[in-house]
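The figures that follow rest on heavy atoms only: side chains count, while hydrogens, waters and symmetry mates do not.
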Amino acid sequence: MSALAAALALTLAAGCTNGPAPADDGRGTDRPASRTDTGTGTGTAAAVGQVLAVKIDNVRAARPQTGLDAADIVYVEQVEGGLSRLMAVYATRLPKTVGPVRSARESDLELLRQFDRPALAFSGAQGKLLPLIDKEPLEAVTPQDAEDAYYRGTDKASPHNLYLRPHRVLPSAPGEAALTTGFRHGPAPDGGTPTPSRTVRYPSARFTFTWSQERRGWEITTDGAPTVTADGRRLAPPTVVVQYVDVRRSGYHDVLGNHTPYTETVGSGTAEVLRDGRSHDVRWLRPTATDGTRFTTRDGTPVAFAEGQVWVVFAQRP
């Protein structure tokens, strides 16, 4: 049994958006199949309530991605070189294909403990990280664990062309009850600031969320280009959370010596909740790794998200 790890963090510092992808510390470092691993790709190991989390490539060469629109939650994280990577979580529906799939990072372990033994699909991880992954209450789904669940596409160059067939990992979507994130859905909180658009910058990536009244969602622009699905449809989640967290240097690095950022998602802090064309300043609290994250107003009133997909962008605490 295993799962993964990932470095999450976003810095609001401005920076270039066209830089080359850094050497991936998981590229070519595949997790060897374990005799005790039940992640066979047949779906027989899937427990009731087990969500599927997939690490998804987000450099220019990997776009447009496939299957992002079906995710219930998309976490945005910073990786080496100030670039971004996504973790998509699926519970209410499983798309036919998801990808491109990329490698795990250390802080994925902390983030994913909020779920009940999730299945985590990733392409590999740094060699020193693999023993930690094997100790986690997660089911690792790599090409070595579930060979028949993956394939190489022909529309992009390697390593940006590895795709997952989710139905070969889980027999069916577990349902909304598996989303033990602490998120609430319902009417918007009072107040808020009218916000036509919001931009979050990393050293080598940026995201702009622009409110569309017609679509009742935030149309996404990544590195200056519209974020679309593989069939050309613009992504527009109803709720976007910019969550301010501590981002520090981890003990892991890529082959070029670039250290992996570690995003600390346990603790407390401030956040911005974007919904219905407005921005709400809120507080977040996650006491332990096995807890979900609560979002409240300053007076402690729970803050509800709009129904539908949620994007959570981890940003460096000011």
request  = Indicate whether any N or O donor in one side chain lies under 3.5 Å from an N or O acceptor in the other, for Arg275 and Thr195.
outcome  = no
query = Less than 4.5 Å apart, any side-chain heavy atom of Arg216 and any of Trp211?
reply = yes
ask   = Considering only heavy atoms from C-beta outward, does the side chain of Val241 approach that of Phe305 to under 4.5 Å?
value = yes
ask   = Can you get from Leu285 to Val242 by hopping between Ile, Leu, Val, Met, Phe, Trp and Tyr side chains that sit under 4.5 Å apart?
value = no
task = Without swapping roles, check the side chain of Arg102 against the backbone of Ser123 for a donor-acceptor pair under 3.5 Å.
result = no
Side chains of Thr265 and Tyr75 in contact at under 4.5 Å (non-hydrogen atoms) = no
task = Please tell me if the side chains of Arg234 and Ile220 come closer than 4.5 Å, counting only heavy atoms from C-beta onward.
result = no
ask   = Between Arg286 and Ala289, is there a donor-acceptor pair closer than 3.5 Å when you use the side chain of the first and the backbone of the second?
value = yes
query = Which heavy-atom pair separates Trp218 from Leu274 by the least distance, and what is that distance?
reply = NE1-O, 3.3 Å
message = Quick one about Gln65 and Asp57 (side-chain donor to acceptor, distance below 3.5 Å, no hydrogens or angles considered), yes or no?
response = no
ask   = Judged by atom type as modelled, is there a donor-acceptor pair below 3.5 Å linking the side chain of Tyr90 to the main-chain atoms of Pro166?
value = no
task = Please answer whether the main-chain N or O of Ala306 pairs with a side-chain N or O of Thr239 as donor and acceptor at a distance below 3.5 Å.
result = yes
message = Would Val282 and Glu272 count as a side chain to side chain contact (heavy atoms under 4.5 Å, CB included) here? Give the steps.
response = CA-CA 6 Å; Val282 305; Glu272 299 169 40; over 6 Å; no
task = Check whether more than 12 heavy atoms from other residues, nucleotides or ligands sit under 6.0 Å from atom CZ of Arg165, and answer yes or no.
result = yes
note = Of all heavy-atom pairs linking Arg215 and Glu219, the shortest is CD-OE2, 3.4 Å
inquiry  = Determine whether a donor-acceptor pair (N or O, by modelled atom type, separation under 3.5 Å) exists between the side chain of Trp284 and the backbone of Tyr244.
reply    = yes
query = Between the side chains of Thr288 and Arg113, is a donor N or O closer than 3.5 angstrom to an acceptor N or O?
reply = no
query = Does CD belonging to Glu176 count more than 12 external heavy atoms closer than 6.0 Å?
reply = no
ask   = Does Arg317 pair with Asp246 as a salt bridge, N-O distance under 4.0 Å?
value = yes
query = Can you name the nearest heavy-atom pair linking Ala304 to Pro189, along with the distance?
reply = O-CD, 4.2 Å
Arg198 and Val200, any side-chain heavy atoms less than 4.5 Å apart = yes
ask   = Closest heavy-atom contact between Ala104 and Leu129?
value = O-CD2, 4.2 Å
key: Cation over ring face, Arg248 and Tyr262, 6.0 Å, 45°   = yes
Trace of the side chain to side chain contact (heavy atoms under 4.5 Å, CB included) decision for Arg152 with Asn161 = CA-CA 5 Å; Arg152 288 282 178 185; Asn161 63 348; 2.7 Å; yes
query = Side-chain heavy atoms under 4.5 angstrom apart, residues restricted to Ile, Leu, Val, Met, Phe, Trp, Tyr: same cluster for Val169 and Tyr163?
reply = no
request  = Keeping the roles fixed (side chain from Trp311, backbone from Pro237), state whether a donor-acceptor pair exists under 3.5 Å.
outcome  = no
key: Under 3.5 Å: donor-acceptor pair, side chain of Gln78, backbone of Pro203   = no
query = Just wondering, do Val74 and Met87 contact through their side chains at under 4.5 Å, heavy atoms?
reply = no
inquiry  = So, taking the atom named CZ in Phe115 and the one named OG1 in Thr290, what distance separates them when rounded to the nearest 0.5 Å?
reply    = 12.5 Å
key: Cluster link Tyr151 to Phe122, ILVMFWY, side chain under 4.5 Å   = no
key: Test applied, side chain to side chain contact (heavy atoms under 4.5 Å, CB included); reference residue, Phe295; option that passes from Gln243, Arg283, His280, Arg184   = Gln243
message = Looking at Thr142 and Asp145, would you say the former's side chain and the latter's main chain have a donor-acceptor pair under 3.5 Å?
response = yes
request  = Could you tell me whether a side-chain N or O of Asp223 sits under 3.5 Å from a main-chain N or O of Arg206, the two making a donor and an acceptor?
outcome  = yes
task = Classify the side-chain pair Thr227/Thr222 by whether it contains a donor and acceptor separated by less than 3.5 Å.
result = yes
task = Measure from the side-chain N and O atoms of Ser204 to the backbone N and O of Gly81, and report whether any donor-acceptor pair falls under 3.5 Å.
result = yes
Same cluster (ILVMFWY, side-chain, under 4.5 Å), Val228 and Leu86 = no
message = Taking the side chain as everything from C-beta on, heavy atoms only, tell me whether Thr229 gets closer than 4.5 Å to Leu68.
response = no
Carboxylate-amine/guanidinium contact Arg233 Asp231, below 4.0 Å = yes
message = Do Val89 and Thr181 make a side-chain contact, defined as non-hydrogen atoms from C-beta onward lying under 4.5 Å apart?
response = no
Donor-acceptor pairs under 3.5 angstrom involving side-chain atoms of residues 92-100: please list them, not counting sequence neighbours.
{"residue": "Thr92", "atom": "OG1", "partner": "Asp72", "partner atom": "OD1", "Å": "2.7"}
{"residue": "Thr92", "atom": "OG1", "partner": "Asp72", "partner atom": "OD2", "Å": "3.4"}
{"residue": "Arg93", "atom": "NH2", "partner": "Asp69", "partner atom": "O", "Å": "3.0"}

